[in-house]
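Every chain is numbered from 1, with letters handed out A, B, ... down the list of sequences. Side-chain atoms are counted along with the backbone in the values below, which use heavy atoms only and exclude waters and symmetry mates. In this text the structure is predicted, and so the values were computed from the model without any measurement.
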Amino acid sequence: MIEFRNVSKYYKNNWLALNKVNLFFEKGQFYYLIGKSGAGKSTILKMIYMDIFPSEGEVIVGNYSSKTIKQNEIPLLRRKIGVIFQDFKLLKDRNVYDNVAFALQVIGERYQNIRKKTLEALSLVRISHKRNSFPYQLSGGEQQKVAIARALVKEPFILVADEPTGNVDPEGTKEIMEILFDINTKGTAILMATHDYSLIKTSIGKVVGLREGKIVKPEDIFKLDLSGRKE
Amino acid sequence: MIYIFQETFKGFFKNKSMNLITIGTITVAIFIFGLFMAGTTNLLNVIRIAEDRIEMVVYLKEDISEEQIEDLQKNISTILGVQSTQFVSKEEALQQFKNDLKEDATLLQAFETNPLPPSIKVNISMSFKTPEYLKEISDKIKIFEGVDDIDYGSEWIKELDKLVKILFFIDIFLGIIIIFASIFIVFNTIRLTVYARKEQIDIMDLVGAKETYIELPYIIEGMVYGFLGSLISTLILYLLVETISKKIPNIIFMNSNAVFFFIFFGTILGFIGSFLSVKQCINEIREMKRDDNLKRTLKKSF
């Protein structure tokens, strides 16, 4: 479904962010991408929604390849990928409902469908009761739920999450994780970058370790004890 | 589609004072241009009336025979640009002169004989009433036998021609300045609107909105500025001309084609300004976002 073939990425000053990475993400699975800040996690995520392209190698997402995708195909690819961030990226001048509906409006979804799909997505992340609130009236956890709803409303095959619990309190984190598992059981693959290793210890999912742009065994990153963990 | 118009509408009313300044400036710019255009139109009108009166008079030698006159008229008629000819005999010329002089006609009694030569009046087609053509026609007539002299007011025609050329030059010069000024104003206003909504653009990119959805609201906004600016200026111009024409008759306003063109012209200027602005700003915003992310990543890793 998503494949990285010998992918390297150089940024300015020849700084090597990814070094010959080979990865394969299967349909409907739950993946953790762990590593310290600057290990290349965000670079991998951005390559999946083709915000950045490899300097060497190839990224294949569904039917699209980083080598052959045209500029006007990128929006079409992104409609199939949900993305959430540490800082939520909600529009401050719109309420919860409008923030989620926005994602459908701007891809030209039919007017009749927007309401139905938006309300469904909001109920999926259990935030329907706050649909008329504005982002500043919500806690970090609640804002992240709205961001998840916005990502899900387009019915993506994968949800890419970049440190989704970074700005969320422990209680909110627990709820967000529950929602992510929920979504995963319904068939959407999840790829979550994090450096909160406590999350991994207690949950299911495959773990990919990343250090200085290279794939390493998760156990090597921090002397993490993952024995007894179910995959 | 509904979304695009909603966004345009929102953008339009979010920053009212800025929008008013933009429309106001475009109005003034296009109004000045319109004023000159109206001035030129009216002057051209006056000049056309004057040009209408241009005629060529071919003076003939005293000893010319009737046969020669007939031949001459035929020959002149075949020259390109000549509409018709009319023979004026010595006697007719004198009669006309007397009519022109009226009371002073007694002056002519000082002459024992008729001092006026016979002549042929040559009517020239409108499009040939330029100094170059008139000279060409006159040169052709000059070589015919029996022709003494030709008069077609060559000097003042040259002056008139020069005036028209200068006016056109000023119009074009002014037009170019107005074009650039209007585009520049719209460019900057749209730039502010786009930057004020850079987070929105970021999210649109992320959820897979197509370029048209991202850009169209801003481009339409620019076109609305141009449209309103030119509409208002045309309206003011119309009222102004109406007022003046009460005092000075014969003043004319632009015809309906010109009005249509004027408003279309303004809208196109708005389009160009906003189109350029949107293309540039959205690229800048995307670049900035990438640089920001990169800086953050670099900071983290070192």
If you draw a 6.0 Å radius around [atom1] in [X], do more than 12 non-hydrogen atoms from other residues or ligands fall strictly inside?
X: A:E58; atom1: CD; result: yes
X: B:E132; atom1: CD; result: yes
X: B:Y133; atom1: OH; result: no
X: B:Y195; atom1: OH; result: yes
X: B:F31; atom1: CZ; result: yes
X: B:Y238; atom1: OH; result: no
X: A:E109; atom1: CD; result: yes

Could you tell me which non-hydrogen atom of [X] sits nearest to which non-hydrogen atom of [Y], and how far apart they are?
X: B:L206; Y: A:K154; value: O-NZ, 4.2 Å
X: B:I203; Y: A:R150; value: CD1-NH1, 3.5 Å
X: B:K210; Y: A:L76; value: CE-CD2, 3.9 Å

- request: For side chain to side chain contact (heavy atoms under 4.5 Å, CB included), just list the numbers for B:Y213 and A:Q105, CA-CA rounded to whole Å, side-chain angles, deciding distance to a tenth of an Å, and then say yes or no.
  value: CA-CA 9 Å; B:Y213 264 80; A:Q105 286 165 349; over 6 Å; no
- prompt: Is it the side chain or the backbone of B:E211 that comes within 4.5 Å of chain A heavy atoms, both, or neither?
  reply: neither
- prompt: Which bit of B:D205 comes within less than 4.5 Å of chain A, counting heavy atoms only: side chain, backbone, both or neither?
  reply: both
- prompt: Counting distance only, does the side-chain N/O of A:R79 pair as donor-acceptor with the main-chain N or O of B:V207 below 3.5 Å?
  reply: no
query: Roughly how far, to the nearest 0.5 Å, is the CD atom of B:Q200 from the CG atom of A:D93?
result: 7.0 Å
- line: Under 4.5 Å to a heavy atom of chain B? For A:K80 that would be neither
